[in-house]
Structure formats: structure tokens, C-alpha cells
S.K.: 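Have a look at this one before I ask anything.
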Amino acid sequence: MITIPSQDFVAFLNEISKKWQDEWNRNKLFEAEPKEGKKFFTTVAFPYPNSPFHLGHGRTYVTGDVYARFMRMRGYNVLFPMGFHFTGTPIITMADDVAKGDKDLLDIFQNIYEIPSDVIPRLSDPLFMANYFKEEIKMAMRELGLSIDWRREFTTIDPQFSSFIVWQFSKLQERGFVVKDTHPVGWCPVHNLPVGMHDTKGDVEPEIGEYVVIFFDTPLGRLAAATLRPETVFGAVAVWVNPKASYVIAEAWGSKIIISEKAADKLKFQMDGVNVIQRVSPSDLQKMNATNPVTGREIPVLPADFVDPNTATGVVMSVPAHAPFDYFYLKRSRVNLEIVPVISLEGYSDAPAKELVESTQVKNDADLKKLTEQLYKSEYNKGVMRADILSRVRDQLKESLSKVPGSSVPEARKLVTEVLSERGMASKVLEILNKPVYCRCGNEVVVKLLKDQWFLDYGNPEWKRLAKKLLANMRVVPDEVRKDFEYSLDWLQKRACARTRGLGTPLPWDKRWIIESLSDSTIYMAYYTVAHRIKALNLHATQLSEEFWDYVLLGKGDPAKVAEKSGVALETLQDLRRNFTFWYPLDMRHSGPDLIPNHLSFFIFNHAGIFPEELWPKGVAINGFILYEGKKMSKSLRNIIPLRKAVKNYGADVVRISLTSLVDMATDVNFTDSGARAIAETLKKFFDMLDMKSGSRIVGIPERWIQSKLHRIVKDSVPLMTDMKFREFINEILFNMSSYVNEYLEMVRSESREYNPDVIREVLEIWTRLIAPFAPHLAEEMWHRLGHTTFVSTEGWPSHDESKINDVLELEHEYHKQLVEDIRAILNVYKGKPSLVMIYVHDGTLTPLLREAVEIVTKGGNLKDFMSSKRPSSKEEAKTYQRLFQYVTEMGENNKRLALLGVNELEVLRKGVSYIRYKLNLDVEVEPFTNEVKTKFNKEALPLRPAIIVQ
RNA sequence: GCGGGGGUGCCCGAGCUAGGCCAAAGGGGGUGGACUGAGGCUCCACUGGAGUAGUCCUGCGCGGGUUCAAAUCCCGCCCCCCGCACCA
């Protein structure tokens, strides 16, 4: 006996995992080279090494590996490579944080990831960090048993890879997909650098929004009022300024304008030529009137504390009919102004702001803010522009604004903005919407309009068309996410493709810029096909010119000339070309759903824009995220489980199954300790079956039954696995198969004999191969213990023996089980000590009739169809038919199929008596149903529903 | 707001595109039992309610509707999660 106690099973798993990983490695099992036969090229998005892997990272990699291993066993020449993404700023930011001694980060590195204390200080060097975590992640991948061809590993800052990226951008440039434009970004005025989410305090993404600025003329200059609701300008009856803030008269937008001093400072980041002429006090402003540019009326300038001088222009127009703030403060300052309604809203009076403020107990600005949100929302969605506003409009605007009355708020907003902007009466200013956002250095982030920024123009109609075509021909697993891709491809517009800092490749034609990380990771799968050769041949980046890549990747140019020019041997060039064309196109790419709107969409665009159609990727597979004990893993919850730790605690195979196969692909999976243990226990059960070597060689009903179950599973396995229905598959081969084995052993026991070791072996021979993609280490170990000397990882997928699938046998056994259930249900309510169970079987005279009824029901027919086919001759007969038909509609599928087979029920039952006796632990007798039985017990029997009498 | 996905029994999670095999798979947990020197192993039974008979009642977010029949189809409502850009 080699029984391994369960508590030691994990240790055992870890031991064999190491052993087989080494064996695979030694035998170069996963190093793929072009050869005759079908190929399968699969990739998973490469990791960004700014931390070790945690449990959440594992799912996609294992999912990809499971599929790779399955395809390998299906006879495909599988290439599964891996690289590392060094491009971008987060590594730099994180290294900075280490240097600064960021407490939270150090705590996580020390106490969660258990990074040695002598290593931590060295992580302040970004390159050290990237390389350190790269190795760490590689270890995790190896320990998980990923079947990767490691010869092809690279990082995105390898000079050779950079040459590839340079080539990529040249191609995009040639096609006109790279354009120059201005672009607003969050900006730190002290750093003088763009600020993204990773650079802010609390990791907030600065949201940039647009305010419309409407100019109200005054004797001193144009008061620039900023608003998110320009359509309400018809009802602007005053202009607010903050009495405590300082204002300036400045040159901007080609005229003299009045804005807050702070606004003037920030405006300089958005346009050239902003010039402060002089300060002006709020009290001076209040002495003047301003002209509403739309109505032409003179309106007062009034003080209000709620106006934030630091937001937009620091000047606000006052629309008391629709802005609760405006109404409230006008009323409080006892200014009596006309309230001009602009929007009509069902369920409200003319001036909804007034109505809301007066019907609510407004205590502070927070209350007003709530009311404002409520009102803005309903007006935006349901409001209609009033007809009478046109009468207030000054003559020269009447015609161009004539379409405003009757239109919806969003339409009116667009129209008003357009009309006013065209006439120089309005402009726009950008502002951080979720302000204040602070840079890590402590300064408040502002909006800067970057000029001469480089973009990939994903809005280019021709490019979009190609991308959509690619998607249409691509396999998407699961199919539900195809919609997300369609939406994303449609929505993408210009996207900045270069940054001013971070690791990566300089833009070939403008070296001040570094190609940004989501732009240099779109077609890198192509690089894998030759990466190992470039390394082995020690090719230098300078040799890898545009012509070189043109030939290798596109077959363009004369190889002899390219060889001469680059110094790369002709045969080498041709070999590289062969490698590329052999593996490309990519067959499958695995990723999480977070990459759909960005990386995966760019992956589609760039392939579509650079490669000919026959080299476009064939498929993507998306899997959900990971929860740990029902919760999202997060720094704040401190529930991050390092992947390597999980592998150590549960065993690689257990983690692999837990991450990939407990739920459907698209749903988030919940990793729990109890779930992982359940998987380990079940795996162990199969492992322990290796010891079941002695017994009887009888092949009876139980043997034929379990063989039928086994081969049916094998038969269903290929479609399930091909569709990546891993949950269903694991459910079948792990949990169901295990209970089939139990059932088999019970069936054997009920015959008072031993199991058949040959059958157990047959189960294990097949099972080991079926589980191999999921639990490759255990499968390998068992495969060898079964006496094989090959690797199960490269064995063929098992095929089923159709002759062993026996429907009738399975149906009959289900029938026996159903009967046991029925009897148990009776015993449940039976008072007294049962000693004997009598089963009286229907005589079979109704069987042909039953079959006809089942046939009709199966075809979707109803009682009428049945009656008209039978034409009963008496009322009595009709009643029998009706009852029988009713019975059939309520029958289970199993019995229906038995009915169609027209089996002899008495015989079937006799075959099962010993099983039923065994399960109930009671004496059971089977007899034909007779009239005497009927009168004695007042019981009926129907076909497939014998009368049961408990005594 | 726009777009996508959900709300199922103590918990997790299938099923709902093709309505009847659904009191609703599977796993976890719980209760009882078998095995055992012992068990945290394994196996068996039970795990909505009622019941001296294989049944009946209630039930799959809430409220309606279609149908002989609805977790599954239709309408309305409530709630939750994710993405919305220059960031990996």
C-alpha cells in the first residue's frame, strides 16, 4: 500500500510537481519548432513586472495553458511563449516609492510577498525591480506548470525588440495611421509632466471635462462665465462673482476678458497669449451691469460665496429658474430679479429650482448640491425647451436659435454652444471634473493642452473598417464578449501613443517621445516566432533594420540584398521568414476582460493595419477575475495571496483547477480554502485508486455500466474542451466520475463480490489523460505509476469506444435508482418497522399504448392528437387513455426513453433487485401486479411505475 | 449619462438563447449514521414546509401578463457589478 495520508497529499503534490517540471524541462518537452502537421500558436498577455504575481494573475495564464496542453494532446504542434513588458511608467513610479520609503508599499513587499529585506532597498532601481520581479514571476509560472517555450523569452526594452517596434511604427506611419494633434492631459505645474492615475495621491484618475464659457460684456471687459449648462443662458438674469476672490482683466480669446486670477493662471496651460493686464476687485465688478449676449439685456453682477474662483473661470451666470443655488442665494441677498423659465419639465411648475428650494428644508450648500443634481438629471433627460424663450432673444440671433424651442436639453445645449461659439460669444475651457486631484508631489493637478502630441488614429475610417473585418472573422470565447469588442472598436478615436517619460522605445522620427506601453504591445506575438533565433544567433539590433523586418514579417524585398546590407546570413533570413510564416497567424490569445477596451482592441487594430488578412489573429479568449474567500483582493483588505504561496499551500494542480474550472469562463471565480481542499480530496481519491489492483475479473452489469459512463464522458470531452467549457468538463471528470466510481463499487458490493481491477485500470488510463491539461503533475505521476514511460503531457487525447456506450444499461440503472428514491420517500413517512418491500410490476399490456403516447408527447403533440389517433370506442376507454396521457406528460425523460425502448419491465426490475435490496438494507420482492393485489392494497400500477407495498 | 453583465435554495454557483424531465446540477457548510483504537480520512442518508405511502403546498429580486404549463417568454419597477481613454 502506498496510501498517502491526506494532510501529506499537498506535500506529495509539491514534490511530484517539482520532479515533473524538471523532467519536462530536461526533455525540452515544450520547445516547439516548425514541423509537418497542424500547428497551434497561443499566447497570454505578457506580465508587467512591477510586483510578484498574486492569485488573481494566475487564472488567465492557467486557462491559456490548459488549452495549450489540450491542443497538444489533440495532436497539434503547440507554441506557447512568454515575454515581459517593461515599457511605461508604473515600474518607475513604484521604484520611486520604494526610494521614498512609502510605508504601505514596503509593508506589502515585506509582509505579503515576503521579499527578503536585503532585496527591498535595491528595488528603488527601476531596472533592478523589473528584472527581480521578472524572475519572481517566471518562478511562479514554472511552479504552476505552464508549458511555456522559455527559449523565446524577451523584454520590451531589449534593443532587438525595440528594432521591431521601430519597424511597427514605420508601417503605421506609412499607412497614415499616426497623426499629430493637441490633447488635454492632467498636468502637474511643478513637475511639468503629465499626470496619470499612477502619479496622483490616492491613485485617482484626473477626469477632464469641458465648460462652456459665455461672454457677458461690461464696460471693463467681457465677463467670462463658465457653465455646464449653456442652454439656460436665456434665463441668466445676473452674473455671480466671489466677493473674496481676486479677479483680473486679461487678454485671452482675442479680447479683454474678466476672470479670476487663479483661472487666468490655469488658462495659460490651455492656450497661448494669455496676458494679465490688471487686477480688478470684485466690488468694482459689482458696480457694473453686464449684457446677456443672447437676450441683449442688461443684468447685474452680484456677489456669491459659493462661486469657486479656482474652478473654470471663477465667474458664473445666474439662472434662478433652473439652478437651486442661484435661486437660493438671490432670495437670501434680497435681490428681486425676474425669474425666467427656460425649460419645461413635467411634474414641475415654471421654475423648478424655486419650487424645489421652497418645498425643501435647505440648510447648507450640500443640500443645494443634492437638489442641483436631482434637477439637472431630470431636466437633461426629460426637459423640453420652452417656446417663449425665443421672444427674449435679440433680433440678430432669433433666426439661428429658432430651432431651440421644443428641442430636448442635450440638443439645445449643442445648438446654443454652436451658435454662440461661431459668433465669438462663447468658447470653452477645460477643467478637472473630480477636482481637487493632487500630484504625488502635493500640487494640484491642472489641465494642460499638449501640442504636437503623437496619436494613433484609431478613428481613421479605413483602419476601423479593417479592424471590424478582423473581429468579424475572429473566434471570441465566450461569445458574449463579442459585443464589448464591437463597442470598443467603434468607440476608439485618436489615442496618444507616446509619452515624455518611462521605459520603452523612442519614437523613430521624434526621439523626444517614448512609445507608450499600450502601443508597443500590440503585435509582439510576431516577435516570439523568431525571438529565440535572434538570441541564439546573437543578432545585433543595428542589423535588424526596417528592410530586415519587412522581409521576415511581410516577405517584402530581396532577401539577398537584405542579407548583404544587414550582415545577416541569407539562410538565416530565410529561416526566420519560415519560422514566422509557419507560426503566424496567432491562433488564440488569452486575457482578462479589463484588456478588451484597450490592449485587445489595439491588438486587433494593429494587426489589421499592418499585416495582410491571412495573418490576422484567429481567436481571443476572455476569462473573469478572481475573488478570494468571496472578496476582491486588495491592498486595503490585505487579502492579497501571492501565487507562489498558494501553490505551496495547495499544490499547483489544485490551484490550477480552482482558478480555471469552478465557474464558467466569463464569471469571476471565488477561490476558497474549502473549495481548494475539496479538489485536493477528489484528486487524491483517483490517485488512491492506483492501489485497487486485486479483485474479481467478472465483467457484469456494474462493469459494463461504468464503462458506458466512462466512454460517454470521453465522447463528450472534445466538444467541451474545444469550447473551453472547463467548468462542465471538470464537473464531469472530477466530481461526477468520482461518484460514478463510488456507484460502481456499490453495485459490485450489492452483488456480494469484488470490483474488477481491469476496469479500474481502464478508468485510470483514460482519466489520467483527461485530467492532464488541468492537473499535469499528478497526471504525469499516475501515468508513470501505471507503467508508462512516455509523458502524458504529449500523449494523445483518449478516444472513446462507441460499443461500450450502452444507453439501455444506463437507463435501467437510473430506473433502479428512481425506485430506490420512491421507496425511500415512502419509508420516510412510514410509521413502524418495515420488514419487506413488495414491488408489483404492471403486466405490460399498456406498454404499446404508452409508447404511442410518449411518441406524441415527444413530438410536442397534445391530448387531442393522441385521442384522434386512438379513437376510443367507449367512455371507459377514453378515460383510460386520458389518464395514461396525463401520466406521460408528467413522466421523466429517463422513463420516456425506456418506454420508447419497450423493455420488459419485470425483467429489468429483477436485474436490479439485489442493488435495491443493498441500497435499502431491506428484503425486497418483485411480483407481477394482479387484481388481487389491487383489491388487497388498494394500489395501482402503471408501466414503469410499479406499485410499492411496504410491510 | 453611455455601453455591457447580473440578481436562483444556509453560502458559492449551474440552469434560463430552444417554456414541461426543476424543490431546481455540482461544490461548500450543517445534521444523523457507517467504518475505525481514534479521526480533522472515506462512505451512506437527510438538509423549504406538511404528510402513516412514492404526494401536496410554497418557491428562483419586486409587481403584472402570455400559456394547459414559466427560474425560463413579454411589460413595468427596484437593486448590484464592470468599462468609459492616453493608464498598465
S.K.: Would you mind classifying the nucleic acid contact of A:Ala947 as base, sugar-phosphate or nothing, using non-hydrogen atoms under 4.0 angstrom?
M.R.: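 Base contact.
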S.K.: For every nucleotide of nucleotides 46-51 of chain B, 5' to 3': is a protein heavy atom under 4.0 Å from its base (B), only from its sugar-phosphate (S), or from neither (-)?
M.R.: -----B
S.K.: From CD of A:Glu210 over to P of B:G1, roughly how many Å is that when rounded to an integer?
M.R.: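 Rounded to whole Å, this separation is 21 Å.
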S.K.: Side-chain donor-acceptor pair under 3.5 Å between A:His85 and A:Asp520, yes or no?
M.R.: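 Side chains of A:His85 and A:Asp520: pair found under 3.5 Å.
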S.K.: Mind checking what makes side chain to side chain donor-acceptor pair (under 3.5 Å) contact with A:Tyr918, not counting sequence neighbours?
M.R.: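 Here the qualifying residues are A:Arg749.
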S.K.: Ignoring the backbone of A:Arg495, work out which of B:A85, B:G83, B:C12 is nearest its side chain.
M.R.: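 The nucleotide sitting nearest to the side chain is B:A85.
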S.K.: Please tell me whether A:Phe726 and A:Phe774 form a close aromatic pair, meaning their ring centres lie under 6.0 Å apart.
M.R.: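 Under 6.0 Å, so yes.
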S.K.: Can you measure A:Met689 atom CE to B:C41 atom P for me and round it to whole angstrom units?
M.R.: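 It is 20 Å, rounded to the nearest whole Å.
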S.K.: How long is the line joining NZ of A:Lys631 and P of B:C12, in whole Å?
M.R.: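 From A:Lys631 NZ to B:C12 P: 12 Å.
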S.K.: Within the structure shown, what part of the strands sits under 4.0 Å from A:Val950 by heavy-atom distance: base, sugar-phosphate, or nothing?
M.R.: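 Result for A:Val950 = base.
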S.K.: Tell me every residue that passes side-chain contact (heavy atoms from CB on, under 4.5 Å) with A:Pro597, counting only those two or more places apart in sequence or in another chain.
M.R.: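 Partners of A:Pro597 by the side-chain contact (heavy atoms from CB on, under 4.5 Å) criterion, ordered by chain and then number, come out as A:Ser488.
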S.K.: If you compare every side-chain N and O of A:Lys684 against the phosphate oxygens of B:U42 (OP1, OP2), does one of them come in below 4.0 Å?
M.R.: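 For B:U42, OP1/OP2 do not have a side-chain N/O of A:Lys684 under 4.0 Å.
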S.K.: B:C12 phosphate, OP1 or OP2: any side-chain N/O from A:Thr672 under 4.0 angstrom?
M.R.: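 No, outside the criterion.
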S.K.: Near RNA chain B, which residues from residues 45-53 of chain A have a heavy atom under 4.0 Å away?
M.R.: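 Nucleic-acid contacts, sorted: A:Tyr48.
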S.K.: Sequence neighbours left out, what passes side-chain contact (heavy atoms from CB on, under 4.5 Å) with A:Phe169? Give chain and number order.
M.R.: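 Partners of A:Phe169 under the side-chain contact (heavy atoms from CB on, under 4.5 Å) test: A:Ile165, A:Leu456, A:Cys497, A:Leu507, A:Pro508, A:Trp509, A:Ile515, A:Ser519.
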S.K.: Can you identify which nucleotide, out of B:C44, B:A53, B:A14, has its nearest atom closest to the A:Ile826 side chain?
M.R.: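 Looking only at heavy atoms from C-beta outward on A:Ile826, the closest nucleotide is B:A53.
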S.K.: Is a salt bridge present between A:Asp668 and A:Arg59, judged by a nitrogen-to-oxygen distance below 4.0 Å?
M.R.: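 Answer for the salt bridge query: no.
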S.K.: Check the distance between B:U42's P and A:Asn742's CG and give it to me in whole angstrom.
M.R.: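 For the pair A:Asn742 CG and B:U42 P, the rounded distance is 11 Å.
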S.K.: Any idea which of B:G54, B:A85, B:A14 is nearest the A:Trp491 side chain?
M.R.: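 Selected nucleotide: B:A85.
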S.K.: If the condition is side-chain contact (heavy atoms from CB on, under 4.5 Å), which residues does A:Lys934 pass it with, not counting sequence neighbours?
M.R.: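 A:Lys934 satisfies side-chain contact (heavy atoms from CB on, under 4.5 Å) with A:Phe929, A:Asn931, A:Glu940 only.
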S.K.: Work out how far the P atom of B:C74 is from that of B:G7, and round it to whole angstrom.
M.R.: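 Each nucleotide's P atom is 15 Å from the other's.
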S.K.: Between B:A71 and B:G63, how far apart are the two P atoms, rounded to whole Å?
M.R.: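 That atom pair is separated by 14 Å.
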S.K.: Determine the stems involving RNA chain B; a stem requires 3 or more consecutive pairs of the Watson-Crick or G-U wobble kind, each with both distances below 3.5 Å, and the answer is none if no such run exists.
M.R.: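 Stems for RNA chain B, defined as runs of 3 or more consecutive pairs: B:1-7 with B:78-84, B:10-12 with B:26-28, B:29-34 with B:42-47, B:48-50 with B:55-57, B:61-65 with B:73-77.
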S.K.: With respect to the side chain of A:Asn670, which nucleotide from B:U42, B:C12, B:G54 is positioned closest?
M.R.: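 Selected nucleotide: B:C12.
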S.K.: Say you pick atom C1' in B:C57 and the same atom in B:U31; how far apart are they, in whole Å?
M.R.: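 Taking atom C1' in both B:C57 and B:U31, they lie 25 Å apart.
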S.K.: Show, in sequence, the C-alpha distance, side-chain angles and deciding distance for A:Phe602 and A:Tyr458, and conclude whether the ring pair (Phe, Tyr, Trp, His ring centres under 6.0 Å) test is met.
M.R.: CA-CA 8 Å; A:Phe602 305 152; A:Tyr458 293 128; 5.0 Å; yes
S.K.: Going by side-chain contact (heavy atoms from CB on, under 4.5 Å), name the residues that satisfy it together with A:Glu486, two or more places apart in sequence or in a different chain.
M.R.: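 So A:Glu486 forms a side-chain contact (heavy atoms from CB on, under 4.5 Å) with A:Leu471, A:Arg482, A:Lys483.
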S.K.: Of the nucleotides B:G83, B:G54, B:A85, which has the atom closest to the A:Leu492 side chain?
M.R.: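 Between B:G83, B:G54, B:A85, the one nearest the side chain of A:Leu492 would be B:A85.
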S.K.: Atom pairs, N/O to N/O, protein against nucleotides 26-28 of chain B, distance under 3.5 Å?
M.R.:
{"from": "B:G26", "atom 1": "O2'", "to": "A:Asn731", "atom 2": "OD1", "distance (Å)": "2.9"}
{"from": "B:G28", "atom 1": "O2'", "to": "A:Ser674", "atom 2": "OG", "distance (Å)": "3.1"}

S.K.: For A:Phe686, which residues count as a ring-ring contact (aromatic ring centres under 6.0 Å, His included) partner, sequence neighbours excluded?
M.R.: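 Partners of A:Phe686 by the ring-ring contact (aromatic ring centres under 6.0 Å, His included) criterion, ordered by chain and then number, come out as A:Trp767.
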S.K.: Would one find a side-chain N or O of A:Thr667 under 4.0 angstrom from OP1 or OP2 of B:A14?
M.R.: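 Yes, such a contact exists.
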S.K.: Using the C1' atom in both, what is the distance from B:C75 to B:G26, to the nearest Å?
M.R.: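 Looking at atom C1' only, B:C75 and B:G26 are 34 Å apart.
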S.K.: Is there side-chain contact between A:Thr522 and A:Phe605, with heavy atoms separated by less than 4.5 Å?
M.R.: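 In short, these two side chains do not touch, never coming nearer than 4.5 Å.
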S.K.: Taking the minimum atom-to-atom distance to the side chain of A:Leu518, which one of B:U42, B:G54, B:A88 wins?
M.R.: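 When the side chain of A:Leu518 is considered, B:A88 is the closest of B:U42, B:G54, B:A88.
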S.K.: Closest nucleotide of RNA chain B for A:Asp664 versus for A:Ala498: which of these residues is on the 5' side?
M.R.: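 The 5'-side residue here is A:Asp664.
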S.K.: Let me know the distance between NE2 of A:His599 and C1' of B:A85, rounded to the nearest Å.
M.R.: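 A:His599 atom NE2 is separated from B:A85 atom C1' by 16 Å.
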S.K.: What's the closest nucleotide to the A:Lys483 side chain, out of B:G5, B:C41, B:C44?
M.R.: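 The listed nucleotide nearest to A:Lys483's side chain is B:G5.
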S.K.: Classify the nucleic acid contact of A:Lys919 as base, sugar-phosphate or nothing, counting any heavy atom under 4.0 Å across all strands shown.
M.R.: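 Sugar-phosphate contact only.
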S.K.: CZ of A:Phe485 versus C1' of B:G5: gap in Å, rounded?
M.R.: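 Rounding to the nearest Å, CZ of A:Phe485 and C1' of B:G5 are 15 Å apart.
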S.K.: Which whole-number value in Å describes the distance from A:Asp594 CG to B:C84 P?
M.R.: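 Result: 10 Å.
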S.K.: Go through the structure and list residues passing side chain to side chain donor-acceptor pair (under 3.5 Å) with A:Arg727, not counting sequence neighbours.
M.R.: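 A:Asp664.
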S.K.: Check the side chains of A:Asp822 and A:Gln818 for a donor-acceptor pair under 3.5 angstrom, ignoring hydrogens and angles.
M.R.: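 Short answer, yes.
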S.K.: Can you check whether A:Lys632 has a side-chain N or O nearer than 4.0 Å to OP1 or OP2 of B:C81?
M.R.: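 No, because none of the side-chain N or O atoms of A:Lys632 sits under 4.0 Å from OP1 or OP2 of B:C81.
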S.K.: Is there a donor-acceptor pair under 3.5 Å between the side chain of A:Asp181 and the backbone N or O of A:Gln453?
M.R.: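 Between the backbone of A:Gln453 and the side chain of A:Asp181 there is no qualifying donor-acceptor contact (under 3.5 Å).
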S.K.: Could you tell me which residues satisfy ring-ring contact (aromatic ring centres under 6.0 Å, His included) with A:Tyr61, sequence neighbours excluded, listed by chain and number?
M.R.: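 Scan of A:Tyr61 (ring-ring contact (aromatic ring centres under 6.0 Å, His included), adjacent residues dropped) gives A:Phe53.
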S.K.: What contact category does A:Lys685 fall into here, base, sugar-phosphate, or nothing, at under 4.0 angstrom with non-hydrogen atoms?
M.R.: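 Sugar-phosphate contact only.
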S.K.: How long is the line joining OH of A:Tyr755 and C1' of B:U42, in whole Å?
M.R.: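 My rounded result for the distance is 15 Å.
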S.K.: Would you indicate what A:Gln493 reaches in the nucleic acid, counting non-hydrogen atoms under 4.0 angstrom: base, sugar-phosphate, or nothing?
M.R.: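 Base contact.
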S.K.: Which nucleotide in the list B:G54, B:A85, B:A25 gets nearest to the side chain of A:Arg727?
M.R.: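 Closest nucleotide among those given: B:A25.
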S.K.: Under 3.5 Å, is there a donor-acceptor pair between the side chain of A:Arg656 and the main chain of A:Ala775?
M.R.: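 Side chain of A:Arg656 to backbone of A:Ala775, a donor-acceptor pair under 3.5 Å: no, none is there.
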S.K.: Look at all strands and tell whether A:Ile949 reaches a base, only sugar-phosphate, or nothing, counting heavy atoms closer than 4.0 Å.
M.R.: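 Result for A:Ile949 = base.
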S.K.: Could you measure between the two P atoms, the one in B:A25 and the one in B:A69, and give it in whole Å?
M.R.: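 Nearest-Å result for B:A25 against B:A69 at atom P: 25 Å.
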S.K.: For the pair A:Gln951 (side chain) and A:Leu836 (backbone), establish whether a donor and an acceptor sit closer than 3.5 Å, ignoring hydrogens and angles.
M.R.: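 Pair absent, no side-chain N/O of A:Gln951 close to backbone of A:Leu836.
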S.K.: When the P atoms of B:C73 and B:U17 are compared, how many Å lie between them, rounded to an integer?
M.R.: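 B:U17 and B:C73 have their P atoms separated by 4 Å.
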